[in-house]
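Counting starts at 1 for both ligands and their atoms, in listed order.
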Amino acid sequence: MAKGIRDKVAILGMGCSKFGERWDMNAEDLMVEAYVEALSDAGIETKQIDAAWLGTGIEEQHVGKSAVPLAVALRLPFIPVTRVENFCASGTEAFRGAVYAVASGAADIALALGVEKLKDTGYGGLPQRGRGTVNNMTWPNLSAPGSFAQLAAAYRAKHGASPEDLKRAMAHVSVKSHDNGSRNPKAHLRNRIDIDTVLKAPMIAEPLGLYDCCGVSDGSACAIVTTPEIARSLGKTDLITVKALQLAVSNGSEAQHNSWDGSHFATTRIAAKRAYAEAGIEKPRDEVSLVEVHDCFSITELVTMEDLYLSPEGGAIRDILDGFYDADGQLPCQIDGGLKCFGHPIGASGLRMIYEMYLQMLGRAGERQRQETPRIGMTHNLGGFPHQNVCSISIVGRYEG
Ligand SMILES: CC(=O)SCCNC(=O)CCNC(=O)[C@H](O)C(C)(C)COP(=O)(O)OP(=O)(O)OC[C@H]1O[C@@H](n2cnc3c(N)ncnc32)[C@H](O)[C@@H]1OP(=O)(O)O
């Protein structure tokens, strides 16, 4: 395996907008909200940034084509700006661009920003009549909730879980995330819920009810990165560095050759193995202190805990019900409220997850701060559907160099 980027890049500053129904703001306003916080945290000026990456998913409708909207919104000084899109993993893709630019020496300081404006532009998780023959004939009823509901059925069939146990574990996932989100002023949904509310909620795609789904929200998040040496020369003493960044992309082979039972994500397993090797992690369940996964649906979080090798295969239901991933458990998952409470403004989500890891490791997470300062944080950003997807994993941690 290539040497990788472990400890070559430090996070100089991060910012995150308030997520939610931001009727009062357009995409540029959201970008500025996250950027102003990141810039002030980094303690630099815009003219010191050498290159920038914009991550956004449905750009034509919500943000505008090309990389120009980012350059205009932030008044970037004619530097190279690149726009990336990789399904729902677009935010981590922007981060990857900026981190690799610094790691390669092409830039001293680079910016990654992810944004999406979904709420008032007609986007929804349920099927909308697509345009054109392919959409009408081939995918007339394809929806994210419907597609991830099949993951639940396949997982249950494979592991022989009873429908009641699986539903209770999924409900625990949602109750836990709403509890965490209620302590986060930047989250969209901040109401506490109980198991009964989840189990009696309107059905969206059996077995996924309203509270098993992430919301639909607007939001933006931003990171400024540099080398550990430059960060020190700028006066930073407490450094958080990138330990690993890995991306795995489906090539269709599993689904096409019937070797896939539909109950897990091959991309997550492959990206996780590579990321642990790059970060030098041998026992992820013991060594990772905090994790944010792509909980677009409660079942995705449950399955992902096994795909990341944190829970044993078939053991996630038990771990979840035992509180292993609760805020006061051994390995908190979605301590900020996750996609469940932040919603999923596509380009922003991956960077929003890294933002929480960064705050927690610097002891700056306010009411939801983990008591023992976390050392290693992992984020998992998934794009696409179970049968074809991209998975981007980042591991960040305290710098001990
Ligand atoms: C790889 C991937 O990431 S795929 C994932 C892509 N994203 C998605 O699929 C989004 C999934 N979620 C959804 O589509 C929507 O949230 C739905 C369908 C579940 C609900 O949408 P709608 O019925 O239009 O909800 P609407 O916006 O009208 O809100 C109605 C109420 O429910 C609440 N609500 C909406 N969604 C959620 C949710 N997911 N969880 C909890 N509460 C919610 C709202 O706050 C509102 O509450 P209020 O009446 O107290 O104000």
Side-chain angles (χ1 to χ4, degrees), residues 19-23 55-58 62 85-93 114 116-128 139 141-152 170-171 173-182 187-195 197-219 248-250 265 267-268 292-301 303-304 307 334 337-350 352-353 379-392:
F19 279 40
E21 300 182 4
R22 304 299 304 269
W23 309 113
T56 188
I58 316 181
H62 310 141
E85 183 279 324
N86 212 351
F87 287 156
C88 299
S90 301
T92 312
E93 280 299 82
E116 215 75 45
K117 182 83 185 136
L118 291 185
K119 194 65 191 173
D120 56 355
T121 41
Y123 175 91
L126 293 174
Q128 295 158 350
W139 286 3
N141 293 310
L142 184 76
S143 74
S147 166
F148 282 82
Q150 291 177 356
L151 181 68
M170 284 159 47
V173 163
S174 303
V175 169
K176 173 262 297 163
S177 291
H178 270 263
D179 205 41
N180 295 347
S182 74
H188 178 179
L189 301 169
R190 300 193 60 204
N191 54 322
R192 284 201 166 90
I193 54 172
D194 59 22
I195 298 278
T197 310
V198 181
L199 296 176
K200 290 186 180 146
M203 192 48 65
I204 303 295
E206 169 69 30
L208 307 177
L210 176 69
Y211 292 99
D212 293 295
C213 304
C214 66
V216 174
S217 313
D218 306 329
V249 179
S250 292
F265 294 87
T267 50
T268 298
E292 288 276 319
V293 303
H294 196 94
D295 57 328
C296 49
F297 301 98
S298 54
I299 185 63
T300 325
E301 178 169 329
V303 166
T304 300
D307 288 340
Q334 323 301 86
L339 268 72
K340 177 76 261 290
C341 290
F342 271 82
H344 179 30
I346 300 167
S349 292
R352 187 267 305 155
M353 298 177 193
T379 70
H380 158 271
N381 193 189
L382 185 80
F385 292 97
H387 66 284
Q388 236 164 55
N389 55 75
V390 303
C391 175
S392 193

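- Per-residue contacts place Leu189 under 4.0 angstrom from the following atoms of ligand 1 (heavy atoms of the residue considered): 38 (C), 40 (N), 41 (C), 42 (N), 45 (O).
- Of all atoms in ligand 1, numbered sequentially from 1 with element shown, those under 4.0 Å from a heavy atom of His344 are 3 (O).
- Residues that satisfy the salt bridge (Lys or Arg N to Asp or Glu O under 4.0 Å) test with Arg190, not counting sequence neighbours, are absent from this structure.
- In terms of modelled atom types and a separation under 3.5 Å, the side chain of Ser392 and the main chain of Thr92 share no donor-acceptor contact.
- For ligand 1, none of its N or O atoms has an N or O atom of Gly384 under 3.5 Å away.
- Assignment of His294 to the shell around ligand 1 is supported, since a heavy atom sits closer than 4.0 Å.
- Comparing Cys341, Cys213, Cys214 against atom 16 (O) of ligand 1, the shortest heavy-atom distance belongs to Cys214.
- With hydrogens and angles ignored, the 3.5 Å screen pairs no side-chain donor or acceptor of Asp218 with any backbone N or O of Glu21.
- The only option from Pro386, Cys391, Ser250 that meets the side-chain contact (heavy atoms from CB on, under 4.5 Å) definition with Phe265 turns out to be Pro386.
- Residues that satisfy the ring-ring contact (aromatic ring centres under 6.0 Å, His included) test with His380, not counting sequence neighbours, are absent from this structure.
- The distance criterion of under 3.5 Å between nitrogen or oxygen atoms is met by Lys340 with respect to ligand 1.
- Taking the six-membered ring where tryptophan is involved, the planes of Phe385 and Phe148 are tilted, since the angle between them lies from 30° to 60°.
- In this structure, of Ser143, Gly181, Cys88, Ala144, the residue bringing a heavy atom nearest to atom 9 (O) of ligand 1 is Ala144.
- Using a 4.0 Å cut-off to heavy atoms of Tyr211, the atoms of ligand 1 that qualify are 41 (C).
- Ligand 1 has no N or O atom lying under 3.5 Å from any N or O atom of Phe297, backbone or side chain.
- No donor-acceptor pair under 3.5 Å is formed between the side chain of Lys119 and the backbone N or O of Pro345.
- The parts of Leu210 lying near ligand 1 are both backbone and side chain, judged by heavy-atom distances below 4.0 Å.
- Residue-level proximity to ligand 1 for Glu21 is absent, since no heavy atom of it falls below 4.0 angstrom.
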